[in-house]
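Accompanying notes for the structure given below.
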Amino acid sequence: MTWASWTTRGVYSGHGGVLTEEGGSPLYGDLTVHTTWAEGTAQITVQYTDAADWFTMAGSPVPCPSEAASRALHAAAVEAVRQGASARVPAVAPGAEHAAGGAAAE
């Protein structure tokens, strides 16, 4: 089984926060974004930084063709969280593998 994961801490959500599949109020503030890619699917979760509970970002999981595309998707999800506006998982763009160098991850 091939898999990869990325985590970016300290992502401050924009106005409107992040929607989750679990429903309820959007998440706001200092968040951690985590992406796991395995066998053609990316799962994106968010949590309040240093909290115990993780929430599935609205729109996740999504088909994702490659590890490089999932890295680009993670970077796009981090940017979507920063933008806020009831953020959801962004669409995987064709050629996303080439944009993979953008976001900082731990």
Side-chain angles (χ1 to χ4, degrees):
M1 174 178 180
T2 301
W3 68 277
S5 69
W6 295 274
T7 302
T8 304
R9 297 172 45 89
V11 180
Y12 287 86
S13 67
H15 180 72
V18 179
L19 297 179
T20 66
E21 290 294 331
E22 291 78 13
S25 298
L27 303 184
Y28 296 93
D30 182 2
L31 304 174
T32 296
V33 180
H34 179 79
T35 301
T36 301
W37 174 78
E39 298 182 1
T41 301
Q43 173 80 29
I44 301 176
T45 56
V46 294
Q47 74 171 176
Y48 289 106
T49 297
D50 295 327
D53 296 326
W54 286 92
F55 301 92
T56 304
M57 192 170 177
S60 181
V62 295
C64 191
S66 68
E67 181 179 337
S70 68
R71 177 68 180 99
L73 177 62
H74 176 78
V78 167
E79 185 56 31
V81 169
R82 286 185 178 127
Q83 294 299 315
S86 299
R88 302 175 56 82
V89 173
V92 177
E97 304 81 74
H98 302 295
E106 297 176 352

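- Thr32 pairs by the side chain to side chain donor-acceptor pair (under 3.5 Å) definition with Thr49, not counting sequence neighbours.
- Among residues two or more places apart in sequence or in another chain, the ring pair (Phe, Tyr, Trp, His ring centres under 6.0 Å) test is passed with Trp54 by His34.
- Val78 and Leu19 fall into different hydrophobic clusters, defined by Ile, Leu, Val, Met, Phe, Trp and Tyr side-chain heavy atoms under 4.5 Å apart, directly or through other members.
- Residues satisfying the side chain to side chain contact (heavy atoms under 4.5 Å, CB included) test with Ala85, not counting sequence neighbours, are none.
- Tyr28 and Met57 end up in different hydrophobic clusters when Ile, Leu, Val, Met, Phe, Trp and Tyr side chains are linked at under 4.5 Å.
- Here the CZ-OG distance, from Arg88 to Ser60, works out to 10.5 Å after rounding to the nearest 0.5 Å.
- Contact detail for Cys64 and Ala69: the closest heavy-atom pair is SG-C, 3.6 Å.
- Of the residues listed (Leu27, Leu31, Val33, Asp30), the one engaging Ser13 in a side-chain contact (heavy atoms from CB on, under 4.5 Å) is Leu31, and it is the only one.
- Taking both residues in full, the closest heavy atoms of Gly16 and Pro26 are given as O-CB, 3.7 Å, listed atom of the first, atom of the second, then distance.
- Proximity of a side-chain donor or acceptor of Glu22 to a complementary backbone N or O of Thr56 within less than 3.5 Å is detected.
- Listed by first and then second residue, the salt bridge (Lys or Arg N to Asp or Glu O under 4.0 Å) pairs involving residues 32-52 are Arg9-Asp50 (not counting sequence neighbours).
- Taking both residues in full, the closest heavy atoms of Ser5 and Trp3 are given as OG-CZ3, 3.6 Å, listed atom of the first, atom of the second, then distance.
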Inset, instruction - Go through the steps for Leu73 and Val89 under the test side chain to side chain contact (heavy atoms under 4.5 Å, CB included), then give the verdict. - result: CA-CA 8 Å; Leu73 177 62; Val89 173; 4.2 Å; yes
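- The backbone N or O of Thr35 lies less than 3.5 Å from no partner atom in the side chain of Gln43, so there is not a single donor-acceptor pair.
- Trp6 places no side-chain N or O within donor-acceptor distance of the main-chain N or O of His74, the cut-off being under 3.5 Å.
- Considering only residues two or more places apart in sequence or on other chains, Glu79 meets the side chain to side chain contact (heavy atoms under 4.5 Å, CB included) condition with Arg82, Gln83.
- Partners of Asp53 by salt bridge (charged side-chain N to carboxylate O under 4.0 Å, His left out), not counting sequence neighbours: none found.
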